[in-house]
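Not measured: the values here are computed from a predicted model. Throughout, residue positions are numbered sequentially from 1 according to the sequence presented. Both backbone and side-chain heavy atoms feed into the values below; hydrogens, waters and symmetry mates do not.
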Amino acid sequence: MKLLKHLTNRRQLLLSGIALAILSPRGVMAKEQETTLRASSRHSQPAPSAKNGKRIVMIDPGHGGIDSGAVGGEGSEEKHIVLEIANNVRRQLQDHPRIEVRLTRDSDHFIPLYQRVEIAHQHGANLFMSIHADGFTSPDANGASVFALSNRGASSTMARYLSKRENDADKIGGAQVQQQDHYLQQILFDLVQTDTIKNSLTLGKHVLDQIRPVHHLHSQHTEQAAFAVLKSPSIPSVLVETSFITNPREEQLLGTSAFRQKIASAIANGIVNYFDEYDRRPA
């Protein structure tokens, strides 16, 4: 009964009933000690369309402000490159009749990871995509990757490394920023998120299928890891590593407008194809 006293609305009561039916008594007692569920009342499917009838796509240019992100050997900063790519994606889709693109940031300023997820929820986003050009300890690492959330551990050593690197970005904002992440401490999180992750993997596949003809892939399938920025309970979310900025050749590519536009076009086409597939599913 202690758990039920912490839940304040009908949705939470329903979720708690499901949990009590499948979790062991010991597991329930452990969950009582965690933070009260703060999941959105929206379901994992894309949210209702915007007032203009369009679906909202939230593009998140990684890093920004005091957080430069990864830095290439020639001094290129990830935060500037990914903002350019994000703007290109928005331009690619600006005339689409059913999609409206918004950015979590359109200038060079720092946004904590939890706020990036919150911005997507505040806008009623149907899809969330974080864009990066990360680095690795070896300059040989190369190619593009797409990541979805995992609640069961990373799908590869690289996925584990990159998720830890990205999640550490909030340390720049201090411990107070990290403590405000409501999505990292949710009880019954797996119950809410199963369909969202499934949709995220579908989105990732469509993006990879579009990048494959135009750029080398570091991984041929959508990887999974515990990226904090992907932890929306209800919005399909992926993180796209467009290239490794620490690879000399790819740093040069990322510095060209032609390559940034090519990657942006692939991302935009992947988004369109994802919604097309979603719309073909039975109601």
Residue list, side-chain hydrogen bond (donor to acceptor under 3.5 Å, both in side chains) with [X], at least two apart or on another chain:
X    : answer
T202 : none
S130 : D60, H132
S219 : E223
N247 : none

Practice problem: Please name all residues satisfying salt bridge (charged side-chain N to carboxylate O under 4.0 Å, His left out) with D279, sequence neighbours left out, ordered by chain then number. | Solution: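 D279 satisfies salt bridge (charged side-chain N to carboxylate O under 4.0 Å, His left out) with R55, R98 only.
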Can you sort out the partners of [X] under side chain to side chain contact (heavy atoms under 4.5 Å, CB included), two or more places apart, ordered by chain and number?
X    : result
L253 : H215, R249, F259
S257 : R260, Q261
H109 : R105, S107, I111

Exercise. Provide the full list of side-chain hydrogen bond (donor to acceptor under 3.5 Å, both in side chains) pairs with a residue in residues 86-95, sequence neighbours left out, each pair given once.
Key: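 Counting only pairs at least two positions apart or across chains, the side-chain hydrogen bond (donor to acceptor under 3.5 Å, both in side chains) contacts touching residues 86-95 are N87-R90, N88-R91.
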Self-check item: Listed once per pair and sorted, the side-chain hydrogen bond (donor to acceptor under 3.5 Å, both in side chains) pairs that draw on residues 204-214, sequence neighbours left out
Solution: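 Of all non-adjacent pairs touching residues 204-214, those that pass side-chain hydrogen bond (donor to acceptor under 3.5 Å, both in side chains) are K205-D209, H206-E277, D209-R212, R212-Q220.
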Practice problem: Kindly write out the residues that satisfy ring-ring contact (aromatic ring centres under 6.0 Å, His included) with H80, not counting sequence neighbours, or none if the list is empty. | Solution: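 Checked H80 against ring-ring contact (aromatic ring centres under 6.0 Å, His included); zero matches.
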Quiz item: At their closest point, which heavy atom of T222 faces which heavy atom of A148, and how far apart are they?
Solution: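 Shortest heavy-atom separation between T222 and A148 comes out as CG2-N, 3.8 Å.
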